[in-house]
Structures are given as C-alpha cells and as structure tokens.
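Just so it is clear, the model here is predicted, and its values are computed rather than measured. Just so it is clear, the values below take in all heavy atoms, side chains as well, and ignore hydrogens, waters and symmetry mates. For ligands, and for the atoms within them, numbers begin at 1 and follow the listed sequence.
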Amino acid sequence: MKCRTCGKKASVNMRQHKLALCKEHYLEWLPAQVERFIQKYRMFAHDEKILVAVSGGKDSLSLWDILHYLGYQADGLYICLGIDSSTSLGASGGADYSAESQRLAEQFAAGHGLKLHIVNVQEQTGKTIPEWAEASLRGRGKPCSVCGLVKRHVMNRIARDLGYDVLATGHNLDDEAAVLFGNTLTWSGEYLLRQGPVLPATSGLARKVKPLFRLYEREMLAYALLRGIEYIYDECPFALGSTSIYYKELLNKLENDRPGAKLAFYLSFLEARKKGLFAEQEQVQQELHPCPNCGQPTSAPGLCSFCRMVKH
Ligand code: Q46
Ligand code: ZN
Ligand code: ZN
C-alpha cells in the first residue's frame, strides 16, 4: 500500500475513505480534516478561548495537540475523579487510574507549554466519584451517571468562572455512533435532540463542541501513536462491560463488512435532523431556571441535581 500523496510506503490505510498515507502525510491530513470540520460546523474561531476537557486518554490529548498545532487558544481541564485500586463497586483492575491519567495530562501540558486546570472532585465535594456513587446508589450499579453529572457540572463551572467561550471534548465517531445507536434502539427523541457536534451556548453555559466527531477511533489511535503522544492505555475500570462498548463492537462488525457505514449512519442522522425529523421535540424544550445554589441552569424544581446530591 502506497501513500497517495508521495508514493512512499503507507502507514495508515483508511478503507472508508479509500485513502492510504505515510506517517508524514497522515500527520498533516488529520489536523487539516479537523480544521475543515471546525469551520464547516462553525465550532469556534481563532479569537475565542477554548477549554479542552482532558482525561489523559488518546482522544482528548490528541485533540489538545491538534488545536495547539492549528494555532487555537486552548487550555486544558483535568478532573480528578478519585478512581484508584481501592475503588470497589465491582470494578476490576484499573490500579490508580486517576493518578496515572493525571500524571499523563500534566506531562503533556508541561511538554507543550500549555495551561492545565486541575479540579479534584474529592477536595471540592468531600467525596471521590466511587464514594458518591456508593452514597447515592448504595452499591447498586456503576458510578457512571454520578460521574457524568459531576463532570458536566465542573466543566460548566470552570468555563463560566474563567471566561471560556467554548468547551471542547474528544468524542470520536465511534463514541458518537454508539450513543446514537443506543438512542435509536429506543427512539429517545429527547436524547437524540441533544446529540450533535455543536451544542449552542444557552443560559450562561459555554458552547459545547466535539471537533473529532467525524474521525474514527482507529484514526485517532493512529494519530496518537504516530505523534508519539503518551496517553493512558487502560480505560476507566468502570467502562468495562458497558453497553456503549457492546454497541461499538456491533458497529465495528457492520463497518468491517461495509466500510464507511458508521460515518454514513451518523451523518444521515444529522441530515435527518436538519430536515426537521425531531421538530416536534424541539418545540417542547424543557423550561430551565438557574439553580439557587450554583446558578447553573436546571429543569428540576429548586436545586440542580448536582447541588441536591452534594448537600445531602
Ligand atoms: S470515567 Fe466516569 Fe466514564 Fe469511568 S466512571 Fe463511568 S463515566 S466509565 S467516560
Ligand atoms: Zn506520503
Ligand atoms: Zn446547583
């Protein structure tokens, strides 16, 4: 297989794009793609301040790397969840997941001269994520819903308090297609409506964007490896056995037989939405009001779910 640009031996072959590239040209191609999507979906401009949610994994670190390379003003935010080897709740392995991912995020920031904000959930709320999950779920189920709630709250707060215009996350096409697949199986109109590469700023919350949403997981993996980015290889121990991993595997089977199917699935959804497939749901948007404690918009009467959880 030869590089389409220079004819040298290719390092990455992308069947879905009928494109093979050598290392040098792949490392030029991928950021150029990201720039094209930033423009096409009007994610942000060069004079805006961007906050990248960095987990220490390959996608978020690569996103930060690419935005820096493209000349955007992007700072990082690492949220320490307190997931370590003492974590119970049925998770196996993942020894010191949080400590190791924080070390890698800090190492990346220092190596590139970038600013990284660090928020420690335990210091801020008195408990780690597994402890919050234990307290609110009493050992039933995974801590992921609590974790998602806390991460969203912290990201919104930091973006608002420090004056960031945009919050960027490293979700790739495989992540987005798996969520879409799950929402489509149940035709969850409300969730489908909230899916997309750009969530406009509302009620004092920064705009949320996913600049990698059209890139396949394996394209991102190739980028991180070829760029020599050191990232945490293990997933969070609570991700093991999740339905989203199962959906990813199903979609990979489909992709294997029909290269490009995953991307087509996601892009057709965006197209259908643009044509008004969910117009009805769009009209019954929930009324939001600011939480009397933290000021973040919420649909719940009284305190938002985060403040309710932390106050108890
Ligand atoms: S970090 Fe948190 Fe994920 Fe771990 S506890 Fe679940 S939600 S799996 S992206
Ligand atoms: Zn080449
Ligand atoms: Zn609140």
Side-chain angles (χ1 to χ4, degrees), residues 1-14 19-30 32 53-60 78-84 87-94 96-98 100-102 105 121 124-125 127-134 136-137 141-157 160 169-172 174-176 178-179 203-205 226 232 234-245 248 288-312:
M1 199 57 78
K2 292 205 166 95
C3 170
R4 184 195 277 176
T5 312
C6 68
K8 281 194 215 144
K9 190 175 174 293
S11 296
V12 188
N13 178 27
M14 293 165 284
L19 175 67
L21 293 169
C22 69
K23 175 179 172 181
E24 182 195 341
H25 290 115
Y26 186 72
L27 291 178
E28 280 176 11
W29 175 83
L30 195 133
V54 181
S55 69
K58 67 178 190 318
D59 299 312
S60 55
Y78 176 83
I79 305 175
C80 179
L81 307 168
I83 296 172
D84 61 26
T87 296
S88 59
L89 292 175
S92 58
D96 299 327
Y97 168 77
S98 286
E100 181 60 3
S101 52
Q102 180 169 341
V121 172
Q124 299 253 325
T125 66
K127 285 188 177 68
T128 64
I129 290 295
E131 286 165 356
W132 276 118
E134 185 75 54
S136 52
L137 305 169
K142 291 175 180 251
C144 297
S145 53
V146 169
C147 183
L149 174 73
V150 172
K151 284 195 284 195
R152 259 195 315 279
H153 184 89
V154 171
M155 289 192 285
N156 287 335
R157 180 170 58 78
R160 181 194 62 190
T169 53
H171 296 98
N172 60 39
D174 293 47
D175 299 323
E176 292 303 286
V179 175
S203 335
L205 295 185
L226 293 175
I232 185 152
D234 289 327
E235 291 222 41
C236 168
F238 294 109
L240 286 172
S242 65
T243 36
S244 78
I245 291 190
K248 279 184 184 177
L288 300 177
H289 67 88
C291 165
N293 188 50
C294 69
Q296 288 197 19
T298 174
S299 57
L303 294 178
C304 72
S305 341
F306 175 84
C307 292
R308 238 181 309 139
M309 182 184 89
V310 174
K311 288 235 148 166
H312 275 288

- [ ] Calculate, to the nearest 0.5 Å, the distance between atoms OG and CG belonging to Ser98 and Asp84 respectively.
- [x] 7.0 Å
TODO: Please check if the side chain of Gln296 supplies one atom and the backbone of His153 the other of a donor-acceptor pair under 3.5 Å.
DONE: yes
Task: Whether Lys142 side chain and Phe238 backbone form a donor-acceptor pair below 3.5 Å - done: yes
Open item on the list: With heavy-atom distances below 4.0 Å as the criterion, list the atoms of ligand 1 near Ala239.
Closed with: 8 (S)
Task: Ser60 (side chain) donor-acceptor with Ser55 (main chain) under 3.5 angstrom - done: yes
- [ ] Give the residue, atom name and distance (to 0.1 Å) of the protein heavy atom nearest atom 3 (Fe) of ligand 1.
- [x] Lys151 NZ, 4.0 Å
TODO: Restricting to N/O/S, name the atom of His25 that gets closest to the Zn ion (ligand 2).
DONE: ND1
Task: Sub-4.0 Å atoms of ligand 1 with respect to non-hydrogen atoms of Cys147 - done: 1 (S), 2 (Fe), 5 (S), 7 (S)
TODO: Could you tell me whether any N, O or S atom belonging to Cys144 is less than 2.8 Å from atom 4 (Fe) of ligand 1?
DONE: no
Task: Passing option when Thr5 is tested against Glu28, Glu24, His25 for side-chain contact (heavy atoms from CB on, under 4.5 Å) - done: His25
- [ ] With heavy atoms of Cys236 as the reference, note each atom of ligand 1 found under 4.0 Å away.
- [x] 1 (S), 4 (Fe), 5 (S), 8 (S)
Task: Lys248 atom NZ: more than 12 heavy-atom contacts under 6.0 Å - done: yes
Open item on the list: Under 4.0 Å, counting heavy atoms only: does Glu235 come that close to any atom of ligand 1?
Closed with: no
